[in-house]
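In what follows, every chain begins at residue 1, and chains take the letters A, B, ... in the order their sequences are listed.
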Amino acid sequence: MNISKQLINWYTDNKRDLPWRNTTNPYFIWLSEIILQQTQVVQGRPYYDSFTATFPTVFDLANAEEQEVLKLWQGLGYYSRARNLHASAKYIVKELDGKFPDTFDQIIKLKGVGDYTASAIASICFNQVTAVVDGNVYRALSRIYGIDTPINTSKGFKEFKTLAQQLIDPKQPATFNQAIMEFGARLCKPKNPDCNSCPFNTICVALQKNIISDLPVKLKTVKVKKKYFNFIVALSKDNKTILEKRTGSGIWQNLYQFPLIETDKSASHTIIESQVKNLDLFKGHNITLSLYNDKAIIHKLSHQHLYTKFWIVNLNDDLESGILFDEITNYPVPILIGNFIEKFNF
DNA sequence: AACTCGGGGGC
DNA sequence: GCCCCAGAGTT
């Protein structure tokens, strides 16, 4: 039996019952694929449920405000996915009359959709023979075939894409694609793969050579930068605080945060106090500054470690601008801010 | 080709 | 502490 058939057989016996596996509606499949980019099923699943419930059709998503979409995305990370999702929904409604594109070449034109996602949608929804290459595929194929080409190079991508395209069952591309991914996620795991029950344990090159833990090969990890964030939490007599929208490039684009003072090292009370008093926000107000968390919260992102302190600014009067405490949960915020808001309990 | 973009979980 | 996750966009 060939590898494709064996993968599909394994999948038939071992697949999880997941909500997006009970539909071929391209809108739902698209939602699931965007949500699952760089995201494990257990983390993404509740977001899939809330998005399909809140936006049952592409028209509902297109008609929403971006802030509402970001709020629903809050906590999932990689927020450009949510912004691109929303922009593409508008494009589908306005330019395509609400009809989802039905070929790989048209699907990949959507913002936020690359080779992987276009291949997944084209195969699952439209039966196109387009092989997916994701982290699971890299891992499974690199081990079974003993391929040590680095996966995060264009050469590596082409090599694995070509191999996957050769393996895919042209009669059931959707099942094959989901089978190889499920196989990578559940059996051929990064750590402690279940080789004992693997259907390929007699042919797996990596297993025979005892180099399972060396594959797949990935080139150099990026080094992590430290940043020092000081968030200024204003508290006014009329129960208001200040949130600002993050603009420009960088992390958390279009999400909200307390006014931020970034320093090049851990800042003292004196330093922050002098900078806070210079903020236009507090001109003409008497303020009292106090530190909320003496020990910095270390918020770890893939490429940054954020050493974070929250500073409380008590005002002895009202704020003309600012938002009411009761409205604070309407705003999409990074989980770092969200955790503070929850704990502070405005 | 290298860098940027989140947050959670396994070990 | 390091690596990975149903990757894509920008430089």
Side-chain angles (χ1 to χ4, degrees), chain A residues 11 15-16 18-21 29-48 70 73-85 87-88 107-121 123-124 131-140 150-157 160-161 164 174 176-186 188-193 213-225 227 246 248-255 297-306 332-339:
Chain A
Y11 178 63
K15 70 176 180 180
R16 291 167 285 183
L18 300 172
W20 48 86
R21 287 189 174 149
I29 298 300
W30 173 52
L31 273 179
S32 74
E33 295 298 345
I34 301 299
I35 287 170
L36 292 172
Q37 286 170 3
Q38 291 294 288
T39 303
Q40 300 198 139
V41 166
V42 287
Q43 187 187 3
R45 183 172 180 165
Y47 287 83
Y48 176 83
L70 284 172
W73 199 272
Q74 180 176 308
L76 196 55
Y78 284 162
Y79 296 93
S80 66
R81 292 185 292 173
R83 299 192 301 270
N84 287 334
L85 186 76
S88 292
I107 296 168
I108 203 171
K109 289 179 180 174
L110 300 175
K111 282 186 183 177
V113 173
D115 188 278
Y116 162 76
T117 304
S119 300
I121 298 172
S123 62
I124 294 171
V132 295
V133 177
D134 73 333
N136 295 306
V137 175
Y138 280 127
R139 190 168 53 254
I151 60 173
N152 54 342
T153 61
S154 56
K155 181 172 183 286
F157 170 75
F160 283 94
K161 177 80 179 182
F176 173 85
N177 276 340
Q178 295 182 80
I180 192 170
M181 289 191 285
E182 187 82 338
F183 174 80
R186 305 265 290 173
C188 199
K189 297 172 291 183
K191 306 282 186 186
N192 301 323
S213 60
D214 299 329
L215 296 175
V217 173
K218 200 173 190 177
L219 293 180
K220 49 181 176 257
T221 59
V222 295
K223 90 173 185 189
V224 177
K225 294 173 185 168
K227 291 193 171 187
R246 289 184 65 97
S249 59
I251 58 173
W252 303 331
Q253 191 180 359
N254 294 5
L255 273 67
I297 296 166
I298 307 175
H299 187 67
K300 296 181 178 181
L301 308 179
S302 341
H303 55 298
Q304 297 178 26
H305 286 182
L306 309 178
V333 297
I335 205 65
L336 173 62
I337 303 292
N339 288 342

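With rounding to the nearest 0.5 Å, the separation of NZ in A/Lys225 from NE2 in A/His305 is 13.0 Å. Taken from CD1 in A/Ile34 to OG in A/Ser88, the straight-line distance is 7.5 Å, to the nearest 0.5 Å.
Between A/Thr153 and A/His299, the residue anchored closer to the 5' end of DNA chain B is A/Thr153, taking for each the nucleotide with the nearest heavy atom. For A/Val222 and A/Lys155, each mapped to the nucleotide of DNA chain B holding its nearest heavy atom, the one lying further toward the 5' end belongs to A/Lys155. The residue among A/Asn177 and A/Lys191 whose nearest nucleotide of DNA chain C lies closer to the 5′ end is A/Lys191. Taking the nucleotide of DNA chain C with the nearest heavy atom to each of A/Arg139 and A/Lys300, the more 5' of the two is matched to A/Lys300.
If you take atom P in C/dA6 and the same atom in B/dC11, they sit 14 Å apart, rounded to whole Å. Rounded to the nearest Å, the gap between the C1' atom of B/dG9 and that of C/dA8 is 23 Å. Nucleotides C/dC4 and B/dC5 place their C1' atoms 16 Å apart, quoted to the nearest Å. Taking atom P on both nucleotides, B/dG6 is separated from C/dT10 by 14 Å, rounded to a whole Å.
Atom CD of A/Gln253 and atom P of C/dT10 are 10 Å apart (whole Å). Atom-to-atom, CG of A/Leu85 to C1' of C/dG7 comes out at 14 Å; the value is rounded to the nearest Å. Rounded to whole angstrom, the span from the CD1 atom of A/Ile335 across to the P atom of B/dG9 amounts to 11 Å. For A/Trp73 and B/dG8, the CH2 to P distance is 14 Å, given to the nearest whole Å. In this structure, A/His305 atom NE2 and B/dG8 atom P are separated by 14 Å, rounded to whole Å. In this structure, A/Arg83 atom CZ and B/dC5 atom C1' are separated by 9 Å, rounded to whole Å. The interatomic distance linking A/Arg81 (CZ) with C/dA8 (P) rounds to 11 Å, in whole Å. Taking atom CG on A/Leu110 and atom P on C/dG7, their separation rounds to 18 Å, with Å as the unit.
Contacts of A/Arg45 with the nucleic acid, taken as non-hydrogen atoms under 4.0 Å apart, are absent. Among the protein residues, A/Gly75 comes within range of the sugar-phosphate backbone only, with heavy atoms under 4.0 Å from sugar or phosphate atoms but none that close to a base. When heavy atoms are screened at a 4.0 angstrom cut-off, A/Ile35 is found touching no nucleic acid atom at all. Counting non-hydrogen atoms under 4.0 angstrom, A/Gly250 reaches the backbone sugars and phosphates but no base. Nucleic acid contact class of A/Thr117 (heavy atoms, under 4.0 Å, all strands): sugar-phosphate only. Across all strands, A/Lys225 comes closer than 4.0 Å only to sugar-phosphate atoms, never to a base (heavy-atom distances). Within the nucleic acid shown, A/Ser249 has no heavy atom closer than 4.0 Å to any nucleic acid atom. Across all strands, A/Val137 comes closer than 4.0 Å to no nucleic acid atom at all (heavy-atom distances).
Closest to the side chain of A/Gln178, from the set C/dA6, B/dA1, B/dG7, is C/dA6.
Using the six-membered ring where Trp is involved, A/Tyr138 and A/Phe160 have ring planes that are perpendicular, over 60° apart on the 30 and 60° scheme. Between A/Trp20 and A/Tyr48, the ring-plane angle classifies as perpendicular under the 30° and 60° cut-offs.
The phosphate of C/dG7 has neither OP1 nor OP2 within less than 4.0 Å of any side-chain N or O from A/Thr39. Contact annotation: A/Gln38 reaches the phosphate of C/dG7 (side-chain N/O to OP1 or OP2, under 4.0 Å). For A/Lys220 and B/dA2, the shortest distance from a side-chain N or O to OP1 or OP2 is below 4.0 Å. Listed pair A/Ser302 / B/dT4 fails the phosphate criterion, with no side-chain N or O lying under 4.0 Å from OP1 or OP2. The shortest distance between the side-chain N/O atoms of A/Tyr78 and the OP1/OP2 oxygens of B/dT4 is not below 4.0 Å. Phosphate contact (OP1/OP2 of B/dT4, side-chain N/O of A/His303, threshold under 4.0 Å): absent. For the OP1/OP2 pair of B/dC5 and a distance below 4.0 Å, the side-chain nitrogens and oxygens of A/Gln304 include at least one atom meeting the criterion. Between B/dG7 and A/Trp252, a contact under 4.0 Å exists linking OP1 or OP2 to a side-chain N or O.
The 12-atom threshold is exceeded at NZ of A/Lys161, counting heavy atoms of other residues, nucleotides or ligands nearer than 6.0 Å.
A donor-acceptor contact closer than 3.5 angstrom is absent between the side chains of A/Gln37 and A/Tyr116.
Look at B/dG6: it lacks any Watson-Crick or wobble partner with both distances under 3.5 angstrom.
A pairwise comparison of heavy atoms in A/Tyr11 and A/Ala179 identifies CB-CB, 3.4 Å as the closest pair.
Between A/Leu31 and A/Leu85 the shortest side-chain heavy-atom distance falls below 4.5 Å.
One can find a donor-acceptor pair under 3.5 Å joining the base of B/dG7 and the side-chain atoms of A/Gln43.
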